[in-house]
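Note sheet for the following structure.
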2 protein chains.
Amino acid sequence: MSSPTIKDVAKLAGVSISTVSRVMNDSKPVSPEARRKVIDAINKLDFKPNELARSLVMKRSNLIGVIVKDIGISYMAQIVRGIEEIGRMYKYDILLSSTYGDIEQESKIMDFMLTKQVEGIVMISEDTNPEVIYKLKNQSAPFIHLDKFYDYEDTHTVSIDYVNASKEMTNYLIKQNHKRIIFLEEFTGTKIGKAKQKGYIDVMEENGLEAIIMNAAGINIKGGYDISEKILEKAVKEDVSAVFCAEDELAIGLLNYCYDHNVKVPENISIAGFGDVPLASIYRPSLTTVREPYYDIGAVSMRKLVKELKENQKIIDNTILPSELIERESVLKI
Amino acid sequence: MSSPTIKDVAKLAGVSISTVSRVMNDSKPVSPEARRKVIDAINKLDFKPNELARSLVMKRSNLIGVIVKDIGISYMAQIVRGIEEIGRMYKYDILLSSTYGDIEQESKIMDFMLTKQVEGIVMISEDTNPEVIYKLKNQSAPFIHLDKFYDYEDTHTVSIDYVNASKEMTNYLIKQNHKRIIFLEEFTGTKIGKAKQKGYIDVMEENGLEAIIMNAAGINIKGGYDISEKILEKAVKEDVSAVFCAEDELAIGLLNYCYDHNVKVPENISIAGFGDVPLASIYRPSLTTVREPYYDIGAVSMRKLVKELKENQKIIDNTILPSELIERESVLKI
DNA sequence: GTGAAAGCGCTAACAG
DNA sequence: CTGTTAGCGCTTTCAC
């Protein structure tokens, strides 16, 4: 009826349970004969060890808790892929839970995962609540905190150099002969938001160009779409030829608006994004953007976690991964 | 140092561990005084019960294994959302693992999940290997098998009525005055593939129209893109005005090709898809398609699993969910 | 109401 | 090399 246990195997093989355990784990020498008998019994019974029991005594669950805002958000799914693939290499499994941005859930789920004895936690959110970060930092398991927008001080994370990435894109735009460039963001005062803005402003100033910043109400496609009318108005009035969006989602929103209103991209206006979400390369015109290496962010996060777990010490730092400017169709090239 | 156990709580509260257990689970009456003392102790120690130990003795892991081809595939992520949200209602957690289509992995992961004592399994794949299905059916845990293409006989799944959905779209196209309509598919001989094809052919015949079927080499954006030149050639030569793609991905590939080659959609040619992947509504022109309710498919799957678990009996059947024709821009309306 | 004790399935000394 | 035994942290009889 219920699945066979190590006892059943031992009985059938005519040895003690220790011997069975030993052949399963190769933890101690076992005579060839006993080994054979055990293996036979295992096969005959189709025995599968109960990892729960194993975890209990070993005090190692081999579980990593991944708390994600919404697994349907494609870049988050990319991060999870990275976590999972590296996790698999080290025999870690993923316990996945979504919060949908609800801070109570974030907190509850964290507790719950600890209860399930996860050995580490990766929290993938957007605009994480400070309380949650506090809690994350004050619980016992090592963690990584990944937030596209909210780069908290002194948290353990993996990201790119936002100032520099933003500079690179601004420089690129200028090199393509754009002089009047709007920077579209939703300014929330976050460290990352400031960094992107700074990169843009610095380069514009260096080149004696005026920084023109506009604000969207929400970092998503709708946010980009809704501000588009104003942007386009300003563009014709003030001779703007390019818009640098702080997030791909904003750029897609703008692109959608342009399509809906017969504005040709990049002929009439150039649009650049930031992120390189999967959609950016599929959409037409394809989006010129800065690639944030989501998969790698996940993979490196997991590697760091594994290292912490192995060395049994908590680390608090920020690993910087390289970003890359991806030239596509949405920016007019000279 | 290491986290407090029920013993520590008992000691601090001056009661036995049984009493602590009883207040935690409300399983038996406890005197108000003892209850208070226990609760105090729990709070003081920030005690969190070890679910692993609990699962071991209760023989209930509260874990559902979700085996997914690739969590980065957006419609799969939508399904997982549905699974997760319903799972949460019943206190089930998600153990997530990706296979990347590798059949050895599919099999290994399944074993591994059983080892972790998952109570049920949801397998979300594409073109699942028969061996894997066989194995899925012959293991002990209840399962749901979700495959967009491969509708195996006698498996436990949740889907839509493909023949009917395909008929609906074909009828719609005809109503929009299209007479020469290409059906683009990658014919793999699967039940679902046949169903979609049948829906199209039946309606075309009913209307005295010729069925024109073309084959892509792969059900993905590239597959659609690569066959596009031929399609467009045939379209001009044979006066075809619409293409009904058996999958949204094929339609997006075709749309991309049209954009790249200055073919206007829907003015020059109308394109319809099947699926309503998230991208379909974002892309411009937005894609007229058949909505497969991915989230609901996940949610209903989980409900079925919960029911099986509760009633402790395996069910093998196919739940049919309603689909919906989504009118957007890619098909020229009269 | 409450505590002592057995046991979930497994690993890891310990003694042979 | 192998078996016996003592737990891992918890739930659940079974007495009291």
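The model shown is predicted, which means the values in this text are computed figures rather than measured ones. Here is the naming used below: chain letters follow the sequence lines, and residue numbers restart at 1 for every chain.
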Handout entry: B:Ile17 side chain, from C-beta outward: closest of C:dC10, D:dC8, D:dC10
Key = D:dC10

Practice task
Please state whether the phosphate of C:dT2, meaning OP1 or OP2, lies under 4.0 angstrom from any side-chain nitrogen or oxygen of B:Ser16.
Solution key: no

Handout entry: Taking every non-hydrogen atom, the tightest pair across A:Met24 and A:Ile42
Key = CG-CD1, 4.1 Å

Practice task
Would you indicate what A:Leu52 reaches in the nucleic acid, counting non-hydrogen atoms under 4.0 angstrom: base, sugar-phosphate, or nothing?
Solution key: nothing

Handout entry: Test: B:Arg88 and B:Glu84 ion pair at under 4.0 Å
Key = yes

Problem - For atom CG of B:Asn62 and atom P of D:dC10, their distance in whole Å - result: 16 Å

Practice task
Using a cut-off of strictly less than 4.0 Å, decide whether A:Asn25 has a side-chain nitrogen or oxygen near OP1 or OP2 of C:dT11.
Solution key: yes

Handout entry: Minimum-distance nucleotide (side-chain atoms of B:Thr19 versus C:dG3, C:dG9, D:dC10)
Key = C:dG3

Practice task
Evaluate the side-chain contact (heavy atoms from CB on, under 4.5 Å) criterion for residues A:Asn62 and A:Glu119: first the C-alpha distance (whole Å), next the side-chain angles of each, then the deciding distance (0.1 Å), finally the verdict.
Solution key: CA-CA 7 Å; A:Asn62 278 90; A:Glu119 296 182 36; 4.3 Å; yes

Exercise for the section: Using a heavy-atom cut-off of under 4.0 Å over every strand shown, decide if B:Ser31 touches base, sugar-phosphate, or nothing. Expected result: sugar-phosphate

Completion exercise
Angle separating the five-pair end axes of the helix from C:dG1-D:dC16 to C:dG16-D:dC1, nearest 10°, is 40°

Problem - salt_bridge(A:Lys44, A:Asp8) N-O dist < 4.0 Å - result: no

Completion exercise
On DNA chain D, more 5' by nearest nucleotide between B:Phe47 and B:Arg22 is B:Phe47

Exercise for the section: Return the nearest nucleotide to the side chain of B:Met58; candidates are D:dC1, C:dC10, D:dT12. Expected result: D:dT12

Exercise for the section: Give one of base, sugar-phosphate or nothing for B:Val15, where a contact means two heavy atoms less than 4.0 Å apart. Expected result: sugar-phosphate

Problem - base_contact_polar (C:dG1 base, B:Arg35 side chain, donor-acceptor, <3.5 Å) - result: no

Exercise for the section: Specify the residue among B:Ala34 and A:Lys28 whose closest nucleotide of DNA chain C lies further upstream toward the 5′ end. Expected result: B:Ala34

Practice task
Taking only Lys NZ, Arg NE, NH1 and NH2, and the carboxylate oxygens of Asp or Glu, determine whether B:Asp102 and B:Lys108 approach each other closer than 4.0 Å.
Solution key: no

Practice task
Flag the pair B:Lys314 / B:Glu308 as yes when at least one side-chain heavy-atom distance between them is below 4.5 Å, and no otherwise.
Solution key: yes

Handout entry: DNA chain D: 5'-proximal contact among A:Lys59 and B:Ser18 (nearest heavy atom)
Key = A:Lys59

